[in-house]
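Take a look at the structure below.
Note that this is a predicted model, so its numbers are computed, not measured. Along the sequence shown, residues carry numbers from 1.
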Amino acid sequence: MRKRVVSMWFPRLPSDRVLRAALQQTADDNHPFALIHHEKNTDRIYCLNHAAEAQGLHRGMGFSDARAYCPDLLSQPADRIADAKFLHSLARWSKRYCPWVGLDGTDGLVLNIAGSAHLFGGEAQMLDDMRHRLARAGVSGRIAAADTRGAAWALTHYGRAPTADITSLPVAALRLDAKSDTALQRLGLRRIRDLMALPRATLARRFGPDVVLRLDQAMGAQDEVISPLGEAPHYGVRLTLPDPIGLVADVMMGTERLLARLCDKLKEQDMGARQLQLTLRRVDQGAQQVELRLAAPMRDAARILSLFERGVNAVDAGYGIDQLRLEATQVERVLDAQVTSATAARPDGLEDLITRLGNRIGLDNIQRFLPADSHIPERSFQRVSAAYNTASGSWASPRPRPLHLFAPEPIAAVGSKPPAQFRWRRMALTTGRATGPERIAPEWWLPDDNWRSGLRDYWNVDTREGRRLWLFYTPQNPNWFVQGEFV
């Protein structure tokens with residue numbers, strides 16, 4: 001069977017992805033738009049639409065220069081991960097034409113349509129259908145078919161017509177690197193036909209074997225493998241019952257069987273479940289769902305099973321349940337860590353407790369404190385979600401810090417030494433012992449109105465009434481404040 005290869009090139013894939021979502025809210029596709037990414041200490045254009053190119057903008061251009069040329073330019077930060085996901089979705093869509101679809105870089109696809117073109121009325125009709133569907137979806141792309149992958153790629157990237165003669169195309173159409181392309185251009189070898197006229201031995205000796213290999217791949221003398229895109233693993237299992245069940249114990253037993261199979265799949269891929277969904281289908285075709293969000297990626301069936309009990313108890317079985325389906329809707333990679341005498345295994349009880357509480361009040365509402373790299377008291381810690389952040393770092397400090405920290409509260413006092421007597425929160429306090437000062441300078445690179453007064457001299461003050469307070473004095477603007485209390 002004659003081999004035929006289709007090359008799809010999406011020159012504006014990132015901007016098309018963003019504009020497709022924007023067009024659902026506005027029909028204005030003629031406004032200049034560009035995606036920006038940070039490169040070499042400056043923001044540059046990563047991708048742009050036709051309207052932006054018409055204004056004289058181009059890829060790699062500095063964003064400040066682009067705004068000078070086009071003041072009404074709309075922009076967004078680039079997201080390469082989202083672009084890769086969008087390209088994978090296009091690859092799945094392309095499988096409607098043939099089962100052999102592979103990625104071609106970060107902005108293209110390659111299809112082996114041998115034996116499938118007749119299903120669409122011929123090759124020309126198939127390519128027209130591809131172009132029509134892409135245009136209707138708002139994706140700009142170039143499509144060409146040839147006997148080899150190299151020839152198809154050359155036609156999509158450099159050919160003015162899908163059926164042009166590739167020997168008349170520039171040598172860059174052979175997928176050469178910039179160095180080889182420049183060397184060939186300097187010697188006057190500008191077209192592929194110019195390379196074909198040279199002896200192969202001279203070509204290989206002068207420019208290396210890669211140039212000869214690319215030429216042979218484009219002309220069909222050297223075969224090139226098309227690696228198909230593998231199917232993403234699906235983490236879902238199902239159990240169909242011969243007779244309906246309704247007891248909680250029976251449902252938990254079925255869930256246990258499904259969990260064992262699902263955890264085996266997760267272990268094969270070194271993955272752990274973050275979110276699980278148990279669907280219980282009733283005999284009346286209704287369905288009940290139990291969703292479980294885990295505080296850590298897990299693949300231990302015994303641990304996960306006990307966490308399902310509360311949700312299963314709340315299920316209305318109706319006239320009975322005849323099918324159970326369990327799916328891991330969110331997974332994360334989990335690598336097995338070796339446990340030695342120096343590193344103990346992490347306790348699982350805390351994660352299970354966070355999971356139980358999180359499924360009642362929400363995982364994001366359970367937070368923990370982590371140390372932050374800052375000498376400013378207000379910035380020396382951060383509150384994060386306990387489910388998605390592990391306890392790490394050290395709370396060690398060269399000076400003691402109060403357990404209760406609050407916004408600075410002014411007190412009436414004069415001088416640079418702690419006052420012998422002062423009033424705070426309607427209490428009359430007498431200083432028994434004062435330790436300090438500890439001078440803390442503001443972080444000048446961060447705008448913070450609370451530190452506009454400049455330096456702070458902190459004192460640990462033990463009062464005779466039993467209060468242990470953290471006071472500071474601002475020498476540049478003489479005032480006293482209370483900011484914390486020791487326990």
Side-chain angles (χ1 to χ4, degrees), residues 85 88-89 92 95 229-283 285-318 320-339 345-360 362-364 366 385-390:
K85 292 181 179 179
H88 278 73
S89 65
R92 291 193 297 270
K95 289 187 177 181
L229 186 64
E231 292 288 345
H234 176 67
Y235 303 104
V237 288
R238 182 175 58 185
L239 176 63
T240 302
L241 304 171
D243 296 315
I245 60 175
L247 298 177
V248 174
D250 295 338
V251 176
M252 291 298 295
M253 186 177 296
T255 305
E256 183 180 7
R257 294 184 180 181
L258 294 178
L259 275 172
R261 292 162 51 191
L262 179 62
C263 289
D264 289 340
K265 285 187 176 183
L266 293 171
K267 291 177 181 178
E268 291 177 358
Q269 302 293 330
D270 291 330
M271 305 296 287
R274 263 288 192 174
Q275 187 169 333
L276 294 166
Q277 187 178 74
L278 176 64
T279 303
L280 308 174
R281 192 188 69 180
R282 303 186 306 194
V283 293
Q285 301 305 313
Q288 297 278 314
Q289 290 183 344
V290 179
E291 191 172 275
L292 183 65
R293 298 178 64 190
L294 303 174
M298 300 183 188
R299 55 190 183 196
D300 187 349
R303 287 179 58 196
I304 299 176
L305 180 63
S306 61
L307 302 175
F308 265 114
E309 291 181 0
R310 178 176 175 271
V312 172
N313 282 326
V315 169
D316 180 12
I321 297 171
D322 61 357
Q323 187 182 91
L324 290 78
R325 187 174 186 275
L326 182 63
E327 181 182 5
T329 56
Q330 183 178 349
V331 296
E332 291 182 10
R333 183 164 297 279
V334 176
L335 298 178
D336 293 329
Q338 183 177 1
V339 179
R346 291 178 55 190
D348 300 329
L350 178 60
E351 295 176 351
D352 294 350
L353 177 61
I354 295 176
T355 299
R356 293 180 186 276
L357 295 177
N359 283 278
R360 296 188 181 186
L363 285 177
D364 295 334
I366 304 176
S385 174
Y388 299 97
N389 297 272
T390 58

Quiz item: Who are the salt bridge (charged side-chain N to carboxylate O under 4.0 Å, His left out) partners of Lys267, not counting sequence neighbours?
Solution: none

Practice problem: Give every residue pair that meets the salt bridge (Lys or Arg N to Asp or Glu O under 4.0 Å) criterion with at least one member in residues 307-316, sequence neighbours excluded. | Solution: Arg282-Asp316

Practice problem: Tell me, yes or no, whether the heavy-atom count around Lys95 atom NZ, taken from other residues, nucleotides or ligands under 6.0 Å, exceeds 12. | Solution: yes

Practice problem: Walk me through it: do Leu292 and Leu278 pass the test side-chain contact (heavy atoms from CB on, under 4.5 Å)? | Solution: CA-CA 8 Å; Leu292 183 65; Leu278 176 64; over 6 Å; no

Practice problem: With sequence neighbours left out, write down each residue that passes side chain to side chain contact (heavy atoms under 4.5 Å, CB included) with Ile366, or none if nothing qualifies. | Solution: Ile354, Leu357, Ile361, Ala386

Self-check item: For Gln277, all residues meeting side chain to side chain contact (heavy atoms under 4.5 Å, CB included), sequence neighbours excluded
Solution: Thr279, Gln289, Glu291, Thr329

Do any side-chain atoms of residues 233-243 form donor-acceptor pairs under 3.5 angstrom with protein atoms, and if so which ones, sequence neighbours left out?
residue	atom	partner	partner atom	Å
His234	NE2	Arg325	NH2	3.4
Thr240	OG1	Gln323	NE2	3.3

Exercise. Assess whether atom CZ of Arg257 is packed by more than 12 heavy atoms of other residues, nucleotides or ligands within 6.0 Å.
Key: no

Practice problem: Output all residues satisfying side chain to side chain contact (heavy atoms under 4.5 Å, CB included) with Asp250, sequence neighbours left out; order by chain, then residue number. | Solution: Ile245, Leu247

Practice problem: Working to the nearest 0.5 Å, report the span between CD1 of Ile304 and CG of Leu266. | Solution: 7.5 Å

Self-check item: Contacts of Arg293 that satisfy salt bridge (charged side-chain N to carboxylate O under 4.0 Å, His left out) - sequence neighbours left out
Solution: none

Quiz item: What pairs with Glu332 under side-chain hydrogen bond (donor to acceptor under 3.5 Å, both in side chains), at least two apart in sequence or on another chain?
Solution: Arg274

Quiz item: Mind checking what makes side chain to side chain contact (heavy atoms under 4.5 Å, CB included) contact with Ala301, not counting sequence neighbours?
Solution: Leu259, Cys263

